[in-house]
Amino acid sequence: DAQAERLLCQHLDHQPRGARPAAGGAADLVMVGLIAQGAAQPVLRQRKTEKLQRSHRPDRAHRLDIGGVLVHRAARADGAGHLLEIVALIGANGAGKTTTLRMLSTALKPDSGKVIIGGEDVLSNPNIARKKIGFLSSSTGLYGRLSGRENISYFGELHGIPKNVINARIEELADLLDMQTFLDRRAENFSSGMKQKVSIARAVIHEPELVVLDEPTTGLDIMATSTVMEFIQRLKDKGTPVIFSTHHLDEVQTLCDKVTVINQGETVFNDSLAAFSALSGNDGAGGQMHKSFLKTLSMDSEEMGNVVNL
C-alpha cells in the first residue's frame, strides 16, 4: 500500500522514519476445521467436534482438512497466563503444511470458518493477525538493495514502532541470531543462512504474540541451524508460543510440546510430544521418532480417536 511504498523509498534513500508504538501481550490461537480446495482456492470450514476424523472423500487428494484445535492455550502456563507451547506441524511434501500456515497468516484468504487469536476472529479483521503474528514464509525474500539492518528496520516501521525501539531490538536480535558480522551488508550478497536469520529477525521485530515459522532451518548449515533452534527455545522461555513446520524430527524431539501431523490433506495426529513418541513403542528414543511418524500415516479412524483423546 501507499505507506509501505513510502517507507521503502525512504530506506532506499537512507531516510528512515519512526512512527507509533505497537501493542503487545499474549493470545490464544484456535484453528478449527481448516479446509483448502486445491492450492489456488482455499476454504475454511468449522467442525463441531475436536475429534480428528478421516473424510474418505474421493477428492481427498485435493483437499486440506485439519479438524479440531491446532494450537490452544496450554494448561502449563506462567504466572502471567502466557502460553508456553511449541507446536510442530509435520507431513510429507504437498501434505498441506505451508497452505495451513499461509491461511493462518492471512496470506491466503479462506471462504468460511474461524481462526481465533486472543478471542478475536482474524478472518473478519485480518489486520489483527498481521499485528499479533510473526510469520516466516519458506519463500519470503529480502530487499537486495537494503542491508540486513535496513530490511529489519523497514518492517519495524511498517508495524508502527518508534525508531529508537527498532534500533534497540535489532541489536538484541543481532546478538541472539549471530548477525553482527553481516548486518550492515547488502542482502543481495547474503548466504542462505544469513538471509534466513535476517528474515526471522524481520518476522519478530514487532514482538508478536505468536510466531509462525515455515521450515525455518531448511538449507541451513549445522551452526546456523543450532542458532535458529536456540532462538526458538528462547521465544518459548519468554512466553511466546511458536508453531513451525519441519521435516527434521530431531527438531521436533528437542523443541516441541505438541505435534500435528498432516497426511494427504488431512490431520492424522494432534497431540502431545509424549503421545507422539509413544507410537513408536520405544518412547521415541534411539532415533525412533520416524517410526512414530510412519505410524500416524497408517492409523485408522478408531486409532486416531483413541490417540487424540488420551
Side-chain angles (χ1 to χ4, degrees), residues 31 34 50-54 60-61 64-72 74-76 83-101 136 138 196 211-237 241-310:
M31 296 169 60
L34 203 58
E50 295 181 5
K51 186 173 180 179
L52 307 181
Q53 302 173 351
R54 291 184 188 270
R60 62 176 291 181
L64 171 65
D65 189 347
I66 302 179
V69 177
L70 181 62
V71 186
H72 58 84
R76 180 173 59 83
L83 178 65
L84 302 179
E85 188 170 54
I86 297 180
V87 179
L89 187 63
I90 61 177
N93 290 331
K97 303 184 299 298
T98 295
T99 300
T100 301
L101 300 184
L136 173 72
S138 60
Q196 191 73 328
V211 174
V212 179
L213 307 173
D214 191 2
E215 299 185 11
T217 62
T218 297
L220 303 188
D221 61 27
I222 295 173
M223 294 303 296
T225 296
S226 177
T227 299
V228 171
M229 291 181 65
E230 289 175 3
F231 183 76
I232 294 173
Q233 181 62 52
R234 181 178 174 84
L235 288 173
K236 177 183 176 181
D237 293 342
V242 179
I243 174 171
F244 73 100
S245 63
T246 183
H247 291 292
H248 304 294
L249 294 178
D250 58 326
E251 297 175 4
V252 176
Q253 189 170 22
T254 301
L255 293 173
C256 296
D257 306 291
K258 186 176 179 180
V259 179
T260 298
V261 182
I262 302 177
N263 181 37
Q264 296 183 2
E266 296 180 355
T267 302
V268 294
F269 184 88
N270 186 34
D271 208 330
S272 67
L273 176 65
F276 179 74
S277 299
L279 294 177
S280 68
N282 195 30
D283 294 328
Q288 301 299 305
M289 292 287 283
H290 70 285
K291 291 186 177 180
S292 297
F293 173 68
L294 294 175
K295 176 67 174 178
T296 65
L297 305 187
S298 61
M299 289 191 299
D300 59 29
S301 299
E302 182 177 356
E303 287 178 307
M304 286 193 296
N306 292 336
V307 170
V308 172
N309 291 291
L310 286 176

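Below, all heavy atoms of this structure are taken into account, side chains as well, without hydrogens, waters or symmetry copies. This one's a predicted model, so the numbers in the text were calculated from it and none came from an experiment.
Between Phe293 and Ser280, every side-chain heavy-atom pair lies at or beyond the 4.5 Å cut-off. In this structure, the side chains of Lys258 and Ile86 stay at 4.5 Å or more apart for every pair of heavy atoms. Using a 4.5 Å heavy-atom cutoff, the side chains of Val259 and Val252 are in contact. Ile90 is not listed as a side-chain neighbour of Thr260, based on a closest heavy-atom distance of 4.5 Å or more. Between Gln253 and Gln288 the shortest side-chain heavy-atom distance does not fall below 4.5 Å. Residues Ile262 and Leu89 meet the side-chain proximity criterion, which asks for heavy atoms closer than 4.5 Å.
If you take OG on Ser245 and CG on Asp214, they are separated by 3.5 Å, rounding to the nearest 0.5 Å. For the atom pair OG1 of Thr296 and CG of Asn270, the computed distance is 11.5 Å after rounding to the nearest 0.5 Å. In this structure, Leu294 CG and Met289 CE are separated by 12.0 Å, a value rounded to the nearest 0.5 Å.
For the residue pair Lys236/Gln233, the side-chain donor-acceptor check at 3.5 Å is not satisfied.
A search for ring pair (Phe, Tyr, Trp, His ring centres under 6.0 Å) contacts involving Phe276 returns Phe269, not counting sequence neighbours. The side-chain contact (heavy atoms from CB on, under 4.5 Å) search around His248 returns Thr217, Thr246, Asp250, Glu251, not counting sequence neighbours. Under the rule for a side chain to side chain donor-acceptor pair (under 3.5 Å), the partners of Thr218 that lie at least two apart in sequence or sit in another chain are Glu215.
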Check: residues 224-232 side-chain donor-acceptor pairs under 3.5 Å, at least two apart:
| unit_1 | atom_1 | unit_2 | atom_2 | d |
| --- | --- | --- | --- | --- |
| Thr225 | OG1 | Asp221 | O | 2.9 |
| Thr227 | OG1 | Met223 | O | 3.1 |

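Closest approach of Leu220 and Pro216 over heavy atoms only: CD1-O, 3.5 Å.
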Asp257 vs Leu273, side chain to side chain contact (heavy atoms under 4.5 Å, CB included): CA-CA, chis, key distance, verdict:
CA-CA 5 Å; Asp257 306 291; Leu273 176 65; 5.9 Å; no

Test side chain to side chain contact (heavy atoms under 4.5 Å, CB included) on Leu101 and Ile243; report intermediate values, then the result.
CA-CA 9 Å; Leu101 300 184; Ile243 174 171; 4.1 Å; yes

Between Val242 and Leu213, does the side chain to side chain contact (heavy atoms under 4.5 Å, CB included) criterion hold? Intermediate values first, please.
CA-CA 8 Å; Val242 179; Leu213 307 173; 4.2 Å; yes

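Remark: side-chain polar atoms of Lys97 are paired, donor with acceptor, to backbone N or O of Ala92 under 3.5 angstrom.
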